[in-house]
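Structure first, commentary second.
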2 protein chains.
Amino acid sequence: MPPTKVKSAEVPISATRQHKADAEAASHPPAKPRPITRIQREKQDLILEAALEVFSLHGFRGATIDQIAEVAGMSKPNLLYYFPRKEEIHRRLMGELLVTWLAPLREMDANGDPFPEIRSYIRRKLEMARDFPRESRLFANEMLQGAPRIIEMIEVDLKNLVDEKARVLLTWMDQGKLTRTDPYHLIFSIWATTQHYADFDVQVRAVLGPGRGGEGRFEDAARYLEQLFMFGLTPKART
Amino acid sequence: MPPTKVKSAEVPISATRQHKADAEAASHPPAKPRPITRIQREKQDLILEAALEVFSLHGFRGATIDQIAEVAGMSKPNLLYYFPRKEEIHRRLMGELLVTWLAPLREMDANGDPFPEIRSYIRRKLEMARDFPRESRLFANEMLQGAPRIIEMIEVDLKNLVDEKARVLLTWMDQGKLTRTDPYHLIFSIWATTQHYADFDVQVRAVLGPGRGGEGRFEDAARYLEQLFMFGLTPKART
DNA sequence: CTAACATTTTTCCAACTGGTCAAAATTTCT
DNA sequence: AGAAATTTTGACCAGTTGGAAAAATGTTAG
């Protein structure tokens, strides 16, 4: 499966600034794409990691290249050598994010039984909120701003995936294995409840207080959500 | 009930820049606070309204005074005449927001029955997401950034309120009127599911598509959430 | 070793940022 | 109306921002 259509952004990064050494021969149209070096990959990863940190905390506009460069441990011009513009960094980040972010939903298996499937979907999402809160916040930040830079991916890739899974849910409902309800809003509610623990982490911790705000909160959340969704979705006693 | 401890921020705005006309007499310690004029109130409201628009979209760091001034239809220095610093605007906004934002939870009545109470709490929150999405996003933005400017309010006012309502929920559980579960996470899940429709509005609309993404989505959400929470919280058949 | 390329640093810039200040315009009060 | 206060404006500033150019330094294949 191709890593979602990340449109341009795929250019080999260098070659952009390099003096066009086409003088020698303008014969090969696909012009040697120049293999990506070890350093390139390493530094790019470093930058993306730093950018994730900064963007997820301040949003696109609020983040500065200097900040990202500092976190990445390099100078600003050096960073700009790898990603010639701020937007490129963000675009790459979002492109990669969307793929991994939707993986849990992709795994929901139409051939499985609804409750085990939904239950483990919720668990996986909750684990992601716990283990990748920055990714969650990056996504949330983009959404809050109206998703200007990923609206297309949302409207195409995300929508298609959700449509597909909504159909799966409907099938389960038809089979009487699941309460008949709105599959889209069902998915929304799973997203909302799980991502809440990453995006509103400060609030969750503050409200739970030092006693219950520790690491145990994810276990508690899992237990609670399981109960909420299970008994909310269990069809009335079979006939 | 005082509008939550908004600490300073309460100074009459003017008098800050006014040349200290104390030359006449340094006799009255509480120095005439100079009544707030009509224009002051009007312009301040204008600014706060514009600031809500901009802050909710770009977060604190990402928003600029120029932007706010433009939306408010006045020059930057003029805006700064009313709010001498960017942070003041934000602080005021957050202070007022928290009060109105928690009103629905405050209304949850310990003397009522759990289901009608919870049901109408969900409805009220959903209505707020529909009618005041910018407020919701402003709040979300602040949370995403770790709530640096309102952490204190969160830890005190919000926590106290939630503690109180959690006790109410526990009472209902003790009385067997509600499934025994974690009252804190229950409240979180209501916040998450309802605010999702304001904060992730773009996503919701994109996924529902032009057909179902219209105004009806809030009604659908209300119906779905009601079902989710109702049947998830209904205690097992009485003995 | 060295030419060719890749990486990094230094210097620089124009636009934007939050904010100041004094003067001018307007409103309010008597 | 006229004085006093309030409000608005225009010019200005120092620091930050995203980014460009080019020189300096590494790295590596032949």
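Values below: every heavy atom of this structure, side chains too, minus hydrogens, waters and symmetry copies. Proteins come first, then strands; the chains are lettered A, B, ... in the order of their sequence lines, and each starts at number 1.
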State whether A/Tyr197 and A/Arg130 meet the cation-pi test: NZ (Lys) or CZ (Arg) under 6.0 Å from the six-membered ring centroid, and within 45° of the perpendicular axis.
no
OP1 or OP2 of D/dT6 sitting under 4.0 Å from any side-chain N/O of B/Lys43?
no
D/dT8, OP1 or OP2 - any side-chain N/O from B/Ser75 closer than 4.0 Å?
no
Rounded interatomic separation in angstrom, taking CZ from B/Phe83 and C1' from D/dT7
15 Å
Measure CD/B/Glu42 against P/C/dT27 and give the value in whole Å, please.
12 Å
Using OP1 and OP2 only, check whether a side-chain N or O of A/Arg85 sits under 4.0 Å from D/dA20.
yes
Of the listed D/dT7, C/dC21, D/dT17, the closest approach to the B/Pro77 side chain comes from C/dC21
Classify the nucleic acid contact of B/Lys76 as base, sugar-phosphate or nothing, counting any heavy atom under 4.0 Å across all strands shown.
base
Using a cut-off of less than 4.0 Å, is there contact between a side-chain N or O of B/Asn78 and OP1 or OP2 of D/dT9?
yes
Is there side-chain contact between B/Glu127 and B/Thr194, with at least one heavy-atom pair below 4.5 Å?
no
Contact check, side chains of A/His58 and A/Thr64, non-hydrogen atoms, under 4.5 Å
no
NA contact type, B/Ala63, heavy-atom cut-off 4.0 Å: base, sugar-phosphate, or nothing?
sugar-phosphate
Report yes if at least one side-chain N or O of B/Tyr81 is closer than 4.0 Å to OP1 or OP2 of D/dT9; otherwise report no.
no
Tell me the interatomic distance from A/Leu79, atom CG, to D/dG18, atom P, rounded to whole angstroms.
10 Å
Test your reading of the model: is there a side-chain donor-acceptor pair from A/Asn141 to the backbone of A/Ser56, 3.5 Å cut-off?
yes
Are the side chains of A/Lys125 and A/Trp101 in contact, using a 4.5 Å heavy-atom criterion?
yes
I need the CG-P distance between B/Leu80 and D/dT8, as an integer number of Å.
13 Å
Nearest-neighbour nucleotide for the A/Arg61 side chain, C/dT17, D/dT8, D/dG19 considered:
C/dT17
Rounded distance in Å - CD (B/Glu87) to P (C/dG19):
9 Å
When rounded to whole Å, the CG to P distance for the pair A/Leu46 and C/dT7 reads 14 Å
From CD of A/Glu70 over to P of D/dT17, roughly how many Å is that when rounded to an integer?
11 Å
The side chain of A/Lys86 is closest to which nucleotide in this list: D/dT17, D/dG19, C/dT17?
D/dG19
Between B/Asp66 (CG) and C/dA15 (P), how many Å, whole number?
15 Å
